[in-house]
Amino acid sequence: MPVTSDAPLTVGFDLDMTLLDTRPGIRATYLALSAETGTAIDADLVVTRLGPPLLDELRNWFPAEELDAVAHRYRTLYRDHAFAPTVALPGAHAALDAVRAHGGRVAVITGKYEPNARLHLDHAGLRADALVGDLWAETKGVALREHGATVYVGDHLGDIRGAKHADAVAVGVATGPYGAEDLLAAGADVVLPDLTAFPAWLDGHLAGR
């Protein structure tokens with residue numbers, strides 16, 4: 001479906017497993033948190049289900065009364081353990097360049113704690129014109145509307161929900177926990193194997209093909 005608005009192009013991107021492979025850094029952070037707190041955490045399991053809010057995952061390992069303190073500690077440990085092992089996924093830089101080649105803006109809308117998301121982008125050399133963190137599913141859609149995004153690219157079923165909530169084109173990438181069939185069943189308008197296919201898709205989308 002082509003873009004019909006006369007407004008400047010804005011494309012939204014998720015962060016974890018869409019632009020960046022954050023699994024090694026998240027795993028390292030959970031292992032550090034486990035060692036510090038003495039709580040057994042299956043970090044290998046955790047990184048298979050990235051996407052939902054941090055507190056949703058922490059509830060699997062800690063009692064409710066400890067969640068806020070543990071989340072704060074996780075976010076602090078994250079800065080020591082997560083950035084160095086994180087790498088940009090194939091096509092990430094080219095995807096952002098493709099948006100700008102069309103005179104567009106890049107909005108990164110993520111569930112990650114926003115200050116850490118900013119540090120991730122800086123470490124990876126990825127530049128966003130707008131960044132909003134701590135959002136999930138439909139709340140991502142609110143931010144997409146606020147920034148005028150007409151396309152949202154993500155790897156999770158929650159990202160598809162966010163795009164639909166904003167009436168944006170939902171572009172799934174099969175680089176996260178879900179395959180193409182699951183993303184399409186959730187309502188994705190198109191699914192790409194990874195971001196290397198995004199520039200050509202964007203060219204066709206904007207041309208109305």
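Hydrophobic clustering of Ile, Leu, Val, Met, Phe, Trp and Tyr side chains at less than 4.5 Å, counting indirect connections, keeps V11 apart from V191. Placement of L15 and V47 in two distinct hydrophobic clusters is found when ILVMFWY residues are connected by side-chain heavy-atom separations under 4.5 Å, directly or transitively. Criterion: ILVMFWY side-chain heavy atoms under 4.5 Å apart, direct or through other members. Under it, L131 and V142 are not part of a common hydrophobic cluster. Transitive grouping of hydrophobic side chains (ILVMFWY, heavy atoms separated by less than 4.5 Å) keeps L202 and Y152 in distinct clusters. At a threshold of 4.5 Å between side-chain heavy atoms, the hydrophobic network of Ile, Leu, Val, Met, Phe, Trp and Tyr places I160 and W136 in two separate groups.
The distance from atom NE2 of H123 to atom CZ of R118, rounded to the nearest 0.5 Å, is 15.5 Å. One distance of note links CG of L31 with CD of E36; it measures 13.0 Å at 0.5 Å rounding. With values rounded to the nearest 0.5 angstrom, I41 atom CD1 is found 7.0 Å from W61 atom CH2. D134 contributes atom CG, which lies 9.5 Å from atom CG of L54 (distance to the nearest 0.5 angstrom).
Counting heavy atoms from C-beta outward, L19 and V153 have side chains that stay 4.5 Å or more apart. Inter-residue side-chain proximity for L20 and V87 is flagged as unmet; no heavy-atom pair is nearer than 4.5 Å. Counting heavy atoms from C-beta outward, T150 and L9 have side chains that approach closer than 4.5 Å. Proximity of R49 to P177: side-chain heavy atoms (C-beta onward) are nowhere separated by under 4.5 Å. For the pair I109 and F13, the minimum side-chain heavy-atom distance is 4.5 Å or more. Using a 4.5 Å heavy-atom cutoff, the side chains of V106 and V108 are in contact. Counting heavy atoms from C-beta outward, K164 and D189 have side chains that approach closer than 4.5 Å. Counting only heavy atoms from C-beta outward, the side chains of H205 and V151 approach each other to under 4.5 Å.
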| said: side-chain contact (heavy atoms from CB on, under 4.5 Å), that's the test. Do D21 and T86 meet it? Break it down for me. | reply: CA-CA 6 Å; D21 185 350; T86 293; 5.9 Å; no
| query | Are R73 and T76 close enough, and set up right, to give a side-chain contact (heavy atoms from CB on, under 4.5 Å), and what steps lead you there? | reply | CA-CA 5 Å; R73 187 58 185 153; T76 301; 3.4 Å; yes
| Does the pair L33 and T29 meet the rule for a side-chain contact (heavy atoms from CB on, under 4.5 Å), with working shown? | CA-CA 6 Å; L33 183 67; T29 304; 5.6 Å; no
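In this structure, L157 and A186 approach most closely via the heavy-atom pair CD2-CB, 3.8 Å. Here the closest heavy-atom approach between residue R161 and residue E138 is recorded as NH2-OE1, 3.0 Å. Residues P85 and P24 share a closest heavy-atom pair of CB-CB, 3.8 Å.
Listed by chain and residue number, R59 satisfy the salt bridge (charged side-chain N to carboxylate O under 4.0 Å, His left out) test with D56 (two or more places apart in sequence, or in another chain). Residues satisfying the salt bridge (charged side-chain N to carboxylate O under 4.0 Å, His left out) test with D14, not counting sequence neighbours, are K140. With sequence neighbours excluded, the residues forming a salt bridge (charged side-chain N to carboxylate O under 4.0 Å, His left out) with D44 are R27, listed by chain and number. When the salt bridge (charged side-chain N to carboxylate O under 4.0 Å, His left out) test is applied to R79, no partner is found at least two apart in sequence or on another chain.
For the side-chain contact (heavy atoms from CB on, under 4.5 Å) test with D155, the passing option among L195, D16, T18 is T18; the others fail.
At distances below 3.5 Å, not a single donor-acceptor pair connects side-chain atoms of S34 with backbone N or O atoms of Y30. The backbone N or O of Y113 lies less than 3.5 Å from no partner atom in the side chain of N116, so there is not a single donor-acceptor pair. Looking at H156, its side chain does come within 3.5 Å of a backbone N or O of G158 through a donor-acceptor pair. For the pair T139 (side chain) and L135 (backbone), a donor-acceptor distance under 3.5 Å is absent.
For D129 and R100, the salt-bridge test passes: some basic side-chain N is under 4.0 Å from an acidic carboxylate O.
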All N/O donor-acceptor pairs, side-chain side in residues 166-175, below 3.5 Å, sequence neighbours left out:
unit_1, atom_1, unit_2, atom_2, d
D167, OD2, R145, NH2, 2.8
T175, OG1, M17, O, 2.6

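Sorted by first then second residue, the ring pair (Phe, Tyr, Trp, His ring centres under 6.0 Å) pairs that include residues 78-97, not counting sequence neighbours, are Y74-Y78, Y78-F83, Y78-H120, F83-H120.
Shown here is E65, whose CD atom has more than 12 heavy atoms of other residues, nucleotides or ligands within 6.0 Å.
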